[in-house]
Number of protein chains: 2
Amino acid sequence: MTVIFSKKCEYGLQAVLYMSAKGNDCVCPAEEISKKLKIPKEFVSKILQNLTESGIVDSKKGKSGGFMLAKDPSKIRLIDIVAAIDGLDLFNSCVLGFPSCSPDKPCPVHDKWGELRSKAYEMLASETVDKFKEKTIKKIGKM
Amino acid sequence: MTVIFSKKCEYGLQAVLYMSAKGNDCVCPAEEISKKLKIPKEFVSKILQNLTESGIVDSKKGKSGGFMLAKDPSKIRLIDIVAAIDGLDLFNSCVLGFPSCSPDKPCPVHDKWGELRSKAYEMLASETVDKFKEKTIKKIGKM
DNA sequence: TTTTAATCAGACAATTTAATCTGGTTATGT
DNA sequence: ACATAACCAGATTAAATTGTCTGATTAAAA
């Protein structure tokens with residue numbers, strides 16, 4: 001069961017946080033990420049290829065190749081990763097699944113939900129991956 | 001694309017809000033709900049059968065039968081409907097999909113997300129369906 | 001130069017979720 | 001009594017998501 005993000009997106013967030021925690025110029029093969037985070041190798045590989053197209057991650061082919069962050073971790077917001085994988089429909093779609101839910105055709109819980117949604121968006125848009133370095137290291141250590 | 005609830009759950013919430021808006025002792029056939037809310041008839045029927053087992057909805061068989069609320073709308077919280085259909089794992093699972101995410105093994109965004117999750121839970125647990133009568137009528141009118 | 005270890009592309013398989021179908025049972029109203 | 005209109009139960013199909021496999025290409029290291 002996923003909470004709000006797809007599995008792809010969850011894994012993408014995990015992988016980017018992991019790479020950020022490993023330090024700047026480190027090259028991480030998909031195999032390593034797969035083992036550390038217990039994500040199927042081919043799957044995480046695909047996801048990182050996606051993020052490469054989006055310019056968040058970079059890749060190096062051939063022996064001793066792998067994936068690395070394309071920018072400084074302080075320039076990568078959580079929302080950028082979500083946007084690249086799941087898109088931002090989450091923040092525009094109706095939580096009750098009503099068609100064309102908007103300020104002039106609001107669903108019953110439009111206002112109540114809108115508040116929470118805005119807070120979630122703000123959080124994801126203000127937090128950058130460098131902020132989670134310590135916590136990621138601790139978490140991985142306990143897995 | 002669903003936001004946080006499954007399609008089943010979205011439709012369940014819509015249907016209960018609709019029945020509540022229609023007034024107290026009204027009997028709503030699945031066909032009517034299906035047409036008004038543009039939900040496949042057989043599907044909404046299944047969902048309402050679920051909610052009947054959970055004691056939120058009641059049903060009457062035979063001609064001029066249909067579904068009705070099993071309790072007073074002021075006694076049905078939004079969270080009750082969510083719990084009956086999707087369950088409450090949503091509020092316990094890790095938003096990043098990490099295994100065994102808990103206060104002593106927190107994922108990187110555990111605290112930040114925890115706040116938002118609590119607020120969402122509180123909202124769903126404090127709001128009862130009777131509170132949305134006006135808004136539901138308005139919304140249905142515009143569909 | 002050859003082996004090796006990696007990304008990458010695209011097809012394929014499995015699983016979960018969403019939706020449909022068929023037939024049965026029930027009770028109302030004519 | 002009988003036709004009708006509803007719920008109900010279970011099987012089936014369809015679609016979306018998740019995960020796997022094969023082979024090609026690339027580039028470093030032996």
Side-chain angles (χ1 to χ4, degrees), chain A residues 1-15 19 25-35 37-70 85-87 89-90 93 96-97 99, chain B residues 1-15 19 26-35 37-70 82 85-87 89-90 93 96-97 99:
Chain A
M1 217 241 358
T2 67
V3 176
I4 49 171
F5 306 128
S6 69
K7 273 280 169 231
K8 262 193 196 168
C9 192
E10 288 181 357
Y11 291 158
L13 286 160
Q14 288 188 24
M19 288 191 282
D25 304 325
C26 102
V27 176
C28 307
E31 172 106 40
E32 173 191 336
I33 298 175
S34 161
K35 278 187 177 152
L37 299 177
K38 286 155 190 145
I39 304 172
K41 180 186 156 190
E42 308 299 335
F43 199 28
V44 78
S45 177
K46 271 276 154 59
I47 294 164
L48 289 169
Q49 284 169 39
N50 274 198
L51 290 175
T52 300
E53 287 168 22
S54 308
I56 293 169
V57 164
D58 232 336
S59 71
K60 200 182 154 203
K61 290 183 190 176
K63 191 163 180 172
S64 79
F67 294 94
M68 66 224 74
L69 298 184
I85 301 177
D86 278 352
D89 283 354
L90 176 64
S93 303
L96 296 185
Chain B
M1 216 240 1
T2 67
V3 175
I4 49 170
F5 306 128
S6 68
K7 272 280 168 230
K8 260 193 199 170
C9 192
E10 287 181 356
Y11 290 158
L13 285 161
Q14 288 188 24
M19 287 192 283
C26 102
V27 176
C28 307
E31 172 107 41
E32 174 191 335
I33 298 174
S34 161
K35 278 187 178 153
L37 299 176
K38 286 155 190 148
I39 304 172
K41 180 187 154 188
E42 308 298 336
F43 199 28
V44 78
S45 177
K46 269 277 152 56
I47 295 164
L48 289 169
Q49 283 168 40
N50 275 198
L51 290 175
T52 300
E53 287 168 23
S54 308
I56 293 169
V57 163
D58 231 336
S59 70
K60 201 182 156 202
K61 291 184 190 173
K63 191 163 181 176
S64 81
F67 294 95
M68 66 223 75
L69 298 184
V82 173
I85 300 177
D86 278 352
D89 283 355
L90 176 65
S93 304
L96 296 184

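These numbers were taken from a predicted model, which means no experiment stands behind them. Residue numbers start from 1 in every chain, and the chains themselves are labelled A, B, ... in the order their sequence lines are given, proteins ahead of strands.
Note: CD (A/E10) to C1' (D/dG19) measures 15 Å, nearest angstrom. In this structure, B/E53 atom CD and D/dC7 atom C1' are separated by 13 Å, rounded to whole Å. Atom pair A/D86:CG and D/dA16:P shows a separation of 16 Å (rounding to whole Å applied). Atom P of nucleotide D/dA9 and atom CG of B/L48 are separated by 13 Å, given to the nearest angstrom. Rounded to whole Å, the distance from CD on B/E31 to P on D/dC8 is 16 Å. Rounded to a whole Å, the CD1 atom of A/I4 is 16 Å from the P atom of D/dT17. As a whole-Å value, the separation of A/I47 CD1 from D/dG19 P is 8 Å. One interatomic measurement links the two molecules: CD of B/Q49 to C1' of D/dA6, which rounds to 11 Å at whole-angstrom precision.
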Name each donor-acceptor pair under 3.5 Å that joins a side chain in residues 44-56 of chain A to protein atoms two or more places apart or in another chain, with its distance.
residue: A/S45; atom: OG; partner: A/Q49; partner atom: NE2; Å: 3.3
residue: A/T52; atom: OG1; partner: A/L48; partner atom: O; Å: 2.7
residue: A/S54; atom: OG; partner: A/N50; partner atom: O; Å: 3.2

Which atom pairs, one a donor and one an acceptor, fall under 3.5 Å between side chains of residues 57-68 of chain B and the rest of the protein, sequence neighbours left out?
none

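Note that the CG atom of B/D86 and the CD atom of B/E10 stand 9.0 Å from one another [nearest 0.5 Å].
Under the rule for a side-chain contact (heavy atoms from CB on, under 4.5 Å), the partners of B/E31 that lie at least two apart in sequence or sit in another chain are B/K35, B/K41. The ring-ring contact (aromatic ring centres under 6.0 Å, His included) check on A/F5 picks up nothing, with sequence neighbours excluded.
Proximity of A/S59 to the phosphate of C/dC8: a side-chain N or O atom is located under 4.0 Å from OP1 or OP2.
The list of ring pair (Phe, Tyr, Trp, His ring centres under 6.0 Å) pairs with a residue in residues 42-62 of chain B, not counting sequence neighbours, reads B/Y11-B/F43.
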How does each nucleotide of nucleotides 17-30 of chain C score, in 5' to 3' order, for protein heavy atoms under 4.0 Å: base (B), sugar-phosphate only (S), or none (-)?
-> -SSB-----BBBS-

